[in-house]
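The model shown is predicted, which means the values in this text are computed figures rather than measured ones. In the text below, chain A, chain B and the rest are named by the order of the sequence lines, each starting its count at 1.
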Number of protein chains: 2
Amino acid sequence: MKILHHPARNDIMLSTVLHALSDPIRLQIVSQIHKHGEQACKNFEVSIAKSTLSQHARTLREAGVTRTRAVGTQRLLSLRSEDLNERFPGLLDAVLRSCEQENLDPASL
Amino acid sequence: MKILHHPARNDIMLSTVLHALSDPIRLQIVSQIHKHGEQACKNFEVSIAKSTLSQHARTLREAGVTRTRAVGTQRLLSLRSEDLNERFPGLLDAVLRSCEQENLDPASL
DNA sequence: TCTATAGTTCGGTAATTAACGAACAATTGA
DNA sequence: TCAATTGTTCGTTAATTACCGAACTATAGA
């Protein structure tokens, strides 16, 4: 099977990570992995074609945000929390918390 | 003179902020404001045309990352730290620290 | 071996983006 | 009032991006 390329920890670039996280769909994906743990693509509740989802998964993986491992026909995605915390301390947590806060916001008006 | 539109605090969107910060040039601008305080565009050390710089300044302002005020012919940009901290606690600091860390990284290999 | 499941890759389209220079607007100071 | 400074806007170009469906690969299970 195909080799899934993941950047080494020190090759993870801030602007690339921020770009990967700047898309609402990818933010949803990351948030869902955070909430429910390692997830296969088929479990993501996003309203896009599977080819599009596959591309988003690739973007996240190549940015160093997620790790993908193959199990059977599935690709399980997890967050590279340790690598990200080591390289950009506090960043992932801040984004995840911001993400949750934003989703609870209609009351703030 | 033209009105400079700034989003209200509660209208600042996470994905928009992350997108604004995902461009290396804009990250440099934000980092320089953080280091040296409120800055006019002419002070930014970036190697792009001034029309391009003006567009980047607009992107940051419209995302809610910076505030722009007019003083004479200058536009002074500052970070909306308070608004951002209120809305997305810890996010801006994490990005700024990540930014600094990345710029000191050649030793990490 | 055949079928279903899970993802990936490819080709194409439409939209967005970053970049530039030229022209413009606003303000300051001579 | 005139020139210099500072920044914005406009028109264009080239590159990137998000999206889709169709075709493909790989694995699991009947």
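For C:dT16, the OP1/OP2 oxygens have no side-chain nitrogen or oxygen of B:His19 closer than 4.0 Å. An OP1 or OP2 oxygen of C:dT5 is reached within less than 4.0 angstrom by no side-chain nitrogen or oxygen of A:Thr73. Applying the 4.0 Å criterion to OP1 and OP2 of D:dA18, one finds that A:Arg26 has a side-chain N or O inside that range. In this model, the phosphate group of D:dC19 is approached by a side-chain N or O of A:His56 to a distance below 4.0 Å at OP1 or OP2. When the side-chain nitrogen and oxygen atoms of B:Arg75 are compared with OP1 and OP2 of C:dA26, none of them lie within a distance under 4.0 Å. Under 4.0 angstrom from either OP1 or OP2 of D:dT6 there lies at least one side-chain N or O belonging to B:Lys42. Contact between the side-chain N/O atoms of B:Ser54 and the OP1/OP2 oxygens of D:dT8 is found at a separation under 4.0 Å.
Between the CG atom of B:Asn85 and the CG atom of B:Leu79 there is a distance of 10.0 Å, given to the nearest 0.5 Å.
Applying the 3.5 Å distance criterion, the base of D:dG21 shares a donor-acceptor pair with the side chain of A:Ser51.
To the nearest angstrom, P of D:dT6 lies 16 Å from CZ of B:Arg69. For the pair B:Leu4 CG and D:dT8 C1', the computed distance is 10 Å after rounding to whole Å. Look at NZ on B:Lys50: it is 11 Å from C1' on C:dG21, rounded to the nearest Å. The distance from atom CZ of B:Arg58 to atom C1' of D:dT8 is 9 Å, rounded to the nearest whole Å. Whole-Å rounding puts the B:Leu76 CG to D:dT8 P distance at 11 Å.
Between A:Gln74 and A:Thr52, it is A:Gln74 whose nearest contact on DNA chain C lies nearer the 5' terminus. Residues B:Thr68 and A:Asp23 each lie close to DNA chain D; by heavy-atom proximity, the contact nearer the 5' end of the strand is made by B:Thr68.
Contact annotation for B:Ile48: backbone-only contact, meaning every heavy-atom pair under 4.0 Å involves sugar-phosphate atoms and none involves a base. Nucleic acid contact class of B:Ala40 (heavy atoms, under 4.0 Å, all strands): sugar-phosphate only.
Comparing D:dG7, D:dC20, C:dC20 by their nearest atom to the side chain of B:Ala49 picks out C:dC20.
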